[in-house]
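This chain uses plain numbering: 1 for the first residue, then up along the sequence. Reckoned from all heavy atoms, side chains included, excluding hydrogens, waters and symmetry mates.
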Amino acid sequence: MTERVDTLINNSLIVTMNKSRDVIPRGYVAIRDGKIVDVGSGDGTLKYLADEVVRVKRGVVVPGFICVHTHLYGILLTGSPWFSHIEPPSDFQQNLQRIWWALDENLTYEDIYISALLGTIMLARTGTTFFKDLLDAPNAIHKSLDFIEKAANEVGLKGFAGFSVTQRRSIQEGYDGLRENERFVKATWGNPHTKVKGIFTVHASFTVTDDILVKTKELADKYGTIYALHVEEGLIDVYHSIERYGKRPVERMESIGFLSPKLVAVHVVQAIDDELRLLKKHDVKVAHNPMSNMINGVGVPPVPKMLSMGLTVGLGNDGYIMDVFDNMRSAYLIHKVALKDPRVTDPVKIVEMATIDAAKVLGIDSRVGSIEIGKDADITVISPEFVHTPLDERTIYGHLVNTFTGSDVWGVLVDGDWIVKDRKLVKVDIEKVMDYAHKVVNKLWDRMISMEPKYKVEYLKP
Ligand SMILES: [Zn+2]
């Protein structure tokens, strides 16, 4: 007897990321109505009559990757002439002032839309099915998140989006950002027609007052969402907090009741052990962005220590390189260099940080992050054209971290729908997007170049 399903991915190596981390050497995944209805060993066609049977060469099936932290607008700077227009920044504060804030102050709604379209295309093509985005656009606050939502829905990706609340230019802009987050949360949760939902996000503790932090947590609690901010990416965060509040940033946050299991602390590069213990005490989640830490030269976060303390750490890209394989590879390598100890990271943990642990960081692990019956059919199918050593259940984690790249991704399903198939975007015309995007980006770069770079760092001094 055969049961009907919509899609059957057959004859593949399946990396389930379930509790026992089962890897099925030759098996199938059956999908119906957007959900995984079966995962098993052997030939799925003996059990299921499928509208579509997928079988690819050297097929490896993994849970759709989850990016716990990005800024989709960040990709607009790739190759920008702005870099030769300015004196190169020598530290993190200058990096924000000269590069990121020069960009975000110039962002229009059209730039936000096109960056989200490009960014979600880049994530989708390389196997990521869920993202968490923080948008900084101080001159386009109201309704800005609608443009992230529109773009991601067009590509077919799921995600969380929040406006990155800051008061670096005025106290009022913080409240405007908070209002945008609340508006977007109300508009999206409970709306079955959007794949993007609102969350509450803040730039960093050194650009907002306590009141913004307190209200952010109150609203996140009220609406039941996660909330996030950058924590101790650079030393400015630490020194600002010690100078103004007599406490380190994590201590300040604890003193006002800001820490909780629903907080995603991004980066946590400069934290000392006492602060890590506070994060652990409140079960705060951590977003690790190794390639961003490298390009910004801010240092290496103590991720192996966090893991040994039992903190949950997920992998993000911070708006830099969207390919999850590059980010996994970097997370795998950077701690070995920093600690001069090759034992401190292993491939299984790295893949966990991009799948099931990332889902835990975002509070969505009951729905996604592993291939298990009842979960959303968010699935990435990898079909490498060349593999130099055997590809099987013994070697798969090694290949995921050391061998594969985004171009090995053959297909991507979100809620059972193909958004990438046969290595091509399904829902958007990539040539049209590129033509349009390059024009928009050139205009943005022209606007930036017409400005005088600001060399004096400005941020909130409450
Ligand atoms: Zn960031």
When rounded to the nearest 0.5 angstrom, what distance separates CD in Glu149 from OG1 in Thr194?
3.5 Å

Is a donor on one side and an acceptor on the other found under 3.5 Å between the side chain of Arg125 and the backbone of Asp323?
no

Has Ser241 got a side-chain atom pairing as donor or acceptor with Asp237's backbone, closer than 3.5 angstrom?
no

Any Lys195 side-chain heavy atom under 4.5 Å of Leu157 side chain:
no

Could you check if a side-chain atom of Thr128 sits within less than 4.5 angstrom of a side-chain atom of Thr380, using non-hydrogen atoms only?
no

State, without any angle test, whether Asn296 and Asn95 hold a side-chain donor-acceptor pair at a distance under 3.5 Å.
yes

When you check the gap from the basic side-chain N to the acidic O, do Asp357 and Lys349 get nearer than 4.0 Å?
yes

Under a 3.5 Å distance rule, please check whether Asp417 uses its side chain to pair with a backbone N or O of Leu413 as donor and acceptor.
no

Do Trp410 and Val420 have side chains that approach each other closer than 4.5 Å (heavy atoms only, starting at C-beta)?
no

Would Phe404 and Val387 count as a side-chain contact (heavy atoms from CB on, under 4.5 Å) if you check the C-alpha gap in whole Å, the side-chain angles of each, and the deciding distance to 0.1 Å?
CA-CA 9 Å; Phe404 298 160; Val387 181; 4.3 Å; yes

Short N-O contact, Glu352 and Arg21, less than 4.0 angstrom
yes

Note: Glu110-Lys443 ion pair, threshold 4.0 Å (strictly below):
yes

Got a donor-acceptor contact below 3.5 angstrom from the Asp318 side chain to the Tyr320 backbone?
no

Do Val381 and Val409 come close enough that some side-chain heavy atom pair is under 4.5 Å?
no

Give me the atom names and distance for the closest heavy-atom approach of Leu276 to Ala271.
CD2-CB, 4.0 Å

I'd like to know if Lys158 pairs up with Asp415 as an ion pair, taking the criterion as any Lys NZ or Arg NE/NH1/NH2 lying under 4.0 Å from an Asp or Glu carboxylate oxygen.
yes

Correct closest heavy-atom pair for Ala152 and Val196 would be CB-CG2, 3.4 Å

Is there a side-chain contact between Leu117 and Val155 in this structure, where contact means two heavy atoms from C-beta onward sitting under 4.5 Å apart?
yes

Does Asn18 form a side-chain hydrogen bond (donor to acceptor under 3.5 Å, both in side chains) with Ser370? I'd like the steps, not just the answer.
CA-CA 6 Å; Asn18 65 10; Ser370 60; over 6 Å; no

For Asp365, all residues meeting salt bridge (charged side-chain N to carboxylate O under 4.0 Å, His left out), sequence neighbours excluded:
none

Compare every heavy atom of Val284 with every heavy atom of Ala265, then report the nearest pair and how far apart it is.
CB-CG1, 3.9 Å

Any donor and acceptor pair, going by atom type alone, linking the side chain of Lys375 with main-chain N or O of Val368 inside 3.5 Å?
yes

Please check if the number of heavy atoms outside Tyr239 that lie under 6.0 Å from its OH is greater than 12.
no

If we ignore hydrogens and angles and just use 3.5 Å, is the side chain of Asp38 paired with the main-chain N or O of Ile36 as donor and acceptor?
no

Measuring only between side-chain heavy atoms, which start at C-beta, is Leu235 closer than 4.5 Å to Gln93?
no

Heavy-atom side-chain contact between Trp418 and Val412 under 4.5 Å:
no

Give me the atom names and distance for the closest heavy-atom approach of Met328 to Ala354.
SD-CB, 3.8 Å

Between Asn106 and Asp111, does any side-chain donor sit less than 3.5 Å from a side-chain acceptor?
no

Where the side chain of Lys285 meets the backbone of Pro261, is there a donor-acceptor pair that is under 3.5 Å apart?
yes

Measuring centre to centre across the rings, with the benzene-like ring taken for any Trp, is Phe160 within less than 6.0 Å of Phe130?
yes

Taking only Lys NZ, Arg NE, NH1 and NH2, and the carboxylate oxygens of Asp or Glu, determine whether Glu105 and Arg168 approach each other closer than 4.0 Å.
yes

Do other residues, nucleotides or ligands put more than 12 heavy atoms under 6.0 Å from the CZ atom of Arg98?
yes

Review item, side-chain donor-acceptor pairs of residues 55-65, under 3.5 Å, at least two apart:
{"residue": "Arg58", "atom": "NE", "partner": "Pro384", "partner atom": "O", "Å": "2.9"}
{"residue": "Arg58", "atom": "NH2", "partner": "Pro384", "partner atom": "O", "Å": "3.4"}
{"residue": "Arg58", "atom": "NH2", "partner": "Glu385", "partner atom": "O", "Å": "3.0"}

Heavy-atom closest pair (Ile66 atom, Ala359 atom, distance to 0.1 Å) is CD1-CB, 3.7 Å

Let me see the working for Leu76 and Leu444 under side-chain contact (heavy atoms from CB on, under 4.5 Å), right down to the final yes or no.
CA-CA 9 Å; Leu76 297 178; Leu444 168 68; 3.7 Å; yes

Go through the side-chain N and O atoms of Glu154 and Tyr113 and say whether any donor and acceptor fall under 3.5 Å apart.
yes

To the nearest 0.5 Å, atom CD of Glu52 lies from atom CD1 of Ile9 at 8.5 Å

Decide whether Arg26 and Asn11 meet the rule of one side-chain donor and one side-chain acceptor closer than 3.5 Å.
yes

Give the intermediate values and the outcome of side-chain contact (heavy atoms from CB on, under 4.5 Å) for residues Val231 and Val266.
CA-CA 6 Å; Val231 177; Val266 180; over 6 Å; no

Do the side chain of Ser164 and the main chain of Asp136 share a donor and acceptor less than 3.5 angstrom apart?
no

Might you work through the side-chain contact (heavy atoms from CB on, under 4.5 Å) test for Asn10 and Asp43, ending with a clear yes or no?
CA-CA 7 Å; Asn10 209 19; Asp43 181 356; 2.9 Å; yes

Side chains of Thr216 and Leu229 in contact at under 4.5 Å (non-hydrogen atoms):
no

Give the ring-plane orientation class for His230 versus His267, where under 30° counts as parallel, over 60° as perpendicular and anything between as tilted.
parallel

Would you call the rings of Trp82 and His85 parallel, tilted or perpendicular if under 30° counts as parallel and over 60° as perpendicular?
tilted

Donor-acceptor pair between His240 and Ser205 side chains, under 3.5 angstrom:
no

Taking every non-hydrogen atom, the tightest pair across His71 and Asp133:
CA-OD1, 3.2 Å

Answer yes or no: is there an ion pair linking Glu372 with Lys35, defined by an N-O contact shorter than 4.0 Å?
no

Using modelled atom types and a 3.5 Å cut-off, is there a donor and acceptor pairing between side-chain atoms of Glu275 and backbone atoms of Ile272?
yes

Sub-6.0 Å ring centroid separation between His203 and Phe206:
yes

salt_bridge(Asp273, Lys305) N-O dist < 4.0 Å
yes

Given Glu233, Glu232, His288, the one that forms side-chain contact (heavy atoms from CB on, under 4.5 Å) with Pro301:
His288

Going from CE on Met322 to CG on Asn317, what distance comes out if it is rounded to the nearest 0.5 angstrom?
4.0 Å

side-chain hydrogen bond (donor to acceptor under 3.5 Å, both in side chains) assessment of Thr345 paired with Lys336:
CA-CA 7 Å; Thr345 50; Lys336 300 180 193 295; 3.0 Å; yes

Side-chain donor/acceptor of Ser80 to backbone N/O of Leu77, under 3.5 Å:
no

Could Asp283 and Lys281 be called an ion pair, given the rule that one side-chain N must be under 4.0 Å from one carboxylate O?
no

Do Tyr227 and Phe258 have ring centres separated by under 6.0 Å?
yes

